[in-house]
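A short worksheet on the structure shown next.
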4 protein chains.
Amino acid sequence: MGSRERRAREKEARTEHILGVARTLLLKKGLHATTVNQIAKLAELSVGTIYLYFKNKEDIFAALQEEGLMLLNQKIVAAVSAAATQQDKVRAICSAYVEFSETQSSYYDVITYFLSTSEQFFPKRLKTRIDRIGSRILIYCSHVLEAGIEAGEFRKVDARRHTIWLWGTLNGLIQFRKMEATMLQKESYRKIVQYALDNFLDTLVVK
Amino acid sequence: MGSRERRAREKEARTEHILGVARTLLLKKGLHATTVNQIAKLAELSVGTIYLYFKNKEDIFAALQEEGLMLLNQKIVAAVSAAATQQDKVRAICSAYVEFSETQSSYYDVITYFLSTSEQFFPKRLKTRIDRIGSRILIYCSHVLEAGIEAGEFRKVDARRHTIWLWGTLNGLIQFRKMEATMLQKESYRKIVQYALDNFLDTLVVK
Amino acid sequence: MGSRERRAREKEARTEHILGVARTLLLKKGLHATTVNQIAKLAELSVGTIYLYFKNKEDIFAALQEEGLMLLNQKIVAAVSAAATQQDKVRAICSAYVEFSETQSSYYDVITYFLSTSEQFFPKRLKTRIDRIGSRILIYCSHVLEAGIEAGEFRKVDARRHTIWLWGTLNGLIQFRKMEATMLQKESYRKIVQYALDNFLDTLVVK
Amino acid sequence: MGSRERRAREKEARTEHILGVARTLLLKKGLHATTVNQIAKLAELSVGTIYLYFKNKEDIFAALQEEGLMLLNQKIVAAVSAAATQQDKVRAICSAYVEFSETQSSYYDVITYFLSTSEQFFPKRLKTRIDRIGSRILIYCSHVLEAGIEAGEFRKVDARRHTIWLWGTLNGLIQFRKMEATMLQKESYRKIVQYALDNFLDTLVVK
DNA sequence: TATGAATGAGTCTTCATTCAT
DNA sequence: GATGAATGAAGACTCATTCAT
């Protein structure tokens with residue numbers, strides 16, 4: 001009987017579908033302005049059905065966030081493995097991150113949306129679960145720097161702090177994308193990121 | 001007649017008062033949980049009166065943001081003038097910024113709250129007005145770098161880009177404060193900021 | 001300024017009005033089937049207005065109950081003072097109680113409705129407040145029996161227990177009114193009450 | 001073929017099973033909070049199946065009530081047959097009733113739940129069917145009193161009315177159990193029942 | 001100017017019932 | 001017979017905004 005299997009697959013497909021719609025709405029209208037009724041309508045489902053797949057409105061968005069962080073993690077790991085030198089690995093991380101913020105912009109926005117949403121919406125329970133995934137990524141990137149140091153390719157910096165610095169920088173600069181037209185005066189934020197990365201590597205690479 | 005004057009002054013005082021209350025509530029409860037009725041009650045005014053001074057709930061929070069940016073601008077200018085060397089001026093900017101984000105955390109949060117809130121809450125009209133104030137600050141900081149370059153104290157970097165890089169970094173790292181307990185593993189984000197600044201200056205200062 | 005006064009009076013009138021509508025609906029449809037929307041509609045008010053006068057659906061019905069118990073208390077006290085002999089006072093209590101259950105049947109039903117609604121709907125807080133009013137009535141009735149005993153009109157019974165017995169009996173029998181057509185086979189429950197009271201007094205009065 | 005038989009037996013067993021679950025839930029959570037989905041889950045059946053055995057949610061609870069009254073009837077008959085004197089038979093009825101209200105409190109509550117629920121939940125059709133079973137119990141008890149009168153053990157009272165009085169009293173007092181902590185001031189309601197019964201028998205027994 | 005009672009559309013969530021498989 | 005996913009009307013409650021006083 002593939003019936004049970006088919007059911008399971010359909011269930012997952014439906015879940016994905018709802019999540020997709022929710023993501024779209026969240027990013028178009030923001031967290032609070034996105035209502036369950038809207039999600040239902042856009043998903044062409046009844047409200048009740050939404051609640052069959054998710055316990056809560058909260059649950060929907062938490063799922064979205066986890067999904068996003070997982071995906072980011074994968075992208076970074078993949079990018080790093082494809083790179084040869086340690087310096088290239090660092091560049092790869094940045095590219096992966098920036099690219100993720102663009103191609104998966106919906107996910108990226110959801111993540112930062114909640115990063116900056118201090119405990120107001122999410123209960124601690126969900127917050128920490130998500131922070132943990134973030135930590136995993138952080139540790140992974142630190143390892144890359146450490147490897148570079150051990151390989152003699154990088155100077156003996158504080159790997160952890162350097163990583164946090166890099167990450168903060170990326171987050172901060174990516175946020176400026178929304179201001180390309182105004183504050184950046186039409187200069188592509190990507191060029192700024194590239195500029196920052198080059199300078200960052202200057203502090204790191206042994207010459 | 002000083003009567004008209006007095007009235008104008010009273011009007012402004014009232015406006016300030018409402019804004020103060022709104023800020024308090026916004027930061028305690030978040031944007032959505034702050035209701036006009038609450039503002040009215042805490043301000044010991046009637047709801048109607050609030051609408052006499054502000055067209056909208058939206059308007060209240062936009063005013064809050066402008067106020068905040070103005071204040072930030074002042075702080076930075078003051079900090080810079082107090083510093084002697086160009087390097088100190090840069091350090092002063094950072095301190096001022098981080099301090100502002102802590103001591104005037106209410107204002108800082110309001111600013112970033114909306115910075116990261118893509119057109120969700122504010123109509124474009126308000127957004128650009130705010131970006132413009134941001135630009136002014138940016139330009140001011142660029143001038144400090146340029147002055148340092150001209151003085152031979154700094155290397156011939158791209159002042160504008162270096163400034164944006166710095167600002168992005170600061171913003172990004174300040175956001176991590178919320179994660180001191182989790183992702184930063186109890187390390188003070190301030191130390192991270194210091195670490196980043198030292199490294200940043202390494203890319204800038206002529207040795 | 002009678003303005004503030006008038007406001008207060010209007011406010012109370014409105015409250016009464018809502019309570020009246022709520023009572024009507026509660027008794028016609030039961031607690032759960034009575035919705036705030038219905039109350040609003042029947043009261044020709046908007047839902048929001050209902051919530052201006054009552055914090056909760058719960059609050060509405062609690063108010064109803066207290067009102068009812070207060071009224072009952074008054075009726076009993078009045079009836080007792082009008083009676084001459086102790087025996088007459090006891091009869092007066094019963095009459096008052098039964099009459100209350102008929103003429104103020106709405107109130108009576110609300111009271112017993114909640115008496116029998118074990119903590120499911122009301123939080124303890126409200127339950128005990130109401131029980132307290134009930135206790136007051138109970139004590140008052142006990143005093144009548146005690147007075148009769150002291151006057152040598154009644155036998156030396158346990159006044160408190162005799163009172164509870166009487167009250168239980170009345171409650172139990174009044175409940176049968178709903179079954180006049182079926183279980184009582186068309187005999188008026190009032191006659192049954194009369195019969196019970198006569199026999200009850202036989203256990204009490206010194207002959 | 002025993003097949004048809006077996007099927008009938010299985011059907012009945014299933015019905016009993018559902019009823020059992022429904023009773024459990026009803027008493028744990030109250031009528032309104034008990035949902036058909038819950039019943040299905042606890043019964044390890046699908047919702048659809050529930051609707052195969054019962055037309056309605058209403059139907060389930062009506063069946064529950066009938067079951068309960070049947071059981072009560074049995075208990076009373078059994079208790080009476082075990083008693084020797086007529087007085088003991090009356091005491092036996094009371095004990096049986098009070099005990100039923102305690103040990104089978106689930107059933108008792110269901111019965112009174114709906115007794116006091118004027119046509120709110122049940123359509124007349126169901127109400128009268130239930131009243132009829134109640135009547136049967138009433139008549140049976142009357143017979144006990146009549147037998148006592150005929151035996152010269154009881155005074156020549158109106159057997160029917162005396163029975164209703166007794167029953168009303170029991171019901172009324174049992175309701176007070178919920179108020180042991182408050183209105184009864186920690187005195188066991190059972191003692192009150194005993195007290196009432198003793199006094200009741202005083203009006204009945206020939207001395 | 002100032003008030004604050006009133007509005008009502010809109011929020012999240014529940015649940016009895018149906019029906020295709 | 002049995003399943004359980006899907007429905008959608010209905011529930012309690014909120015809140016930005018208006019307007020008669």
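Throughout, a chain's letter reflects where its sequence line sits, starting with A, and its residues are numbered from 1. Side chains included, hydrogens not; waters and symmetry mates left out as well; all remaining heavy atoms used. Because the structure is a prediction, the values reported are computed rather than measured.
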(request) State whether D/E10 and D/R6 are salt-bridged, where the test is any N-O pair (Lys NZ or Arg NE/NH1/NH2 against Asp/Glu carboxylate O) under 4.0 Å. (result) yes
(request) Provide, to the nearest angstrom, the distance between the CG atom belonging to A/N37 and the P atom belonging to F/dA9. (result) 11 Å
(request) Could you check how far CG of D/D59 sits from P of E/dA16, rounded to whole Å? (result) 14 Å
(message) Looking at every non-hydrogen atom in both residues, tell me the closest pair between A/A63 and A/L19 and how far apart they are.
(response) CB-CD1, 4.1 Å
(request) Identify, residue by residue, the members of residues 12-21 of chain A with a heavy atom below 4.0 Å from DNA chain E, and return them in order of residue number, or none. (result) none
(request) Take the protein atom CD1 of A/I39 and the nucleotide atom C1' of E/dG10, then report the distance between them rounded to whole Å. (result) 15 Å
(request) Round to a whole Å and report the spacing from CD of A/E58 to C1' of E/dT13. (result) 14 Å
(request) Quick one: list whatever passes ring pair (Phe, Tyr, Trp, His ring centres under 6.0 Å) with B/Y107, sequence neighbours left out. (result) none
(request) Could you check how far NZ of B/K29 sits from P of F/dT14, rounded to whole Å? (result) 12 Å
(message) Can you work out whether B/T34 or C/H32 has the more 5'-proximal nearest nucleotide on DNA chain F?
(response) C/H32
(message) Let me spell it out: for each of B/V36 and D/K11, pick the nucleotide of DNA chain F with the closest heavy atom. Which residue's pick is nearer the 5' end?
(response) D/K11
(request) Would you kindly give the CZ-to-C1' distance between C/F61 and F/dA12, to the nearest whole Å? (result) 12 Å
(message) From CZ of A/F54 over to P of E/dT13, roughly how many Å is that when rounded to an integer?
(response) 13 Å
(message) Tell me whether B/T34 contacts the main-chain N or O of B/L25 through its side chain, where contact means a donor paired with an acceptor under 3.5 Å.
(response) yes
(request) Could I get the full list of ring pair (Phe, Tyr, Trp, His ring centres under 6.0 Å) partners for B/H17, not counting sequence neighbours? (result) none
(message) So, using ring pair (Phe, Tyr, Trp, His ring centres under 6.0 Å) as the criterion, who are the partners of C/Y53 when residues are at least two apart?
(response) none
(request) Nearest whole angstrom, please: distance from the P of E/dA20 to the CD of A/E10. (result) 16 Å
(message) So, does C/N56 get its side chain near the phosphate of F/dA12, meaning an N or O under 4.0 Å from OP1 or OP2?
(response) no
(request) Look at the side chain of B/T49 and the backbone N and O of B/L45, then say whether any donor-acceptor pair between them is shorter than 3.5 Å. (result) no
(request) Might you point out which heavy atoms bring B/V21 and B/I39 nearest each other, and give the distance in Å? (result) CG1-O, 3.6 Å
(message) Quick check on contacts: within residues 40-53 of chain C, what sits under 4.0 Å from DNA chain E by heavy-atom distance?
(response) C/L45, C/S46, C/G48, C/T49, C/L52, C/Y53
(request) For DNA chain F, produce a single dot-bracket line, 5' to 3'. Pairs: Watson-Crick or G-U wobble, both distances under 3.5 Å. Symbols: ( ) within strand, [ ] crossing, | other strand, . unpaired. (result) .||||||||||||||||||||
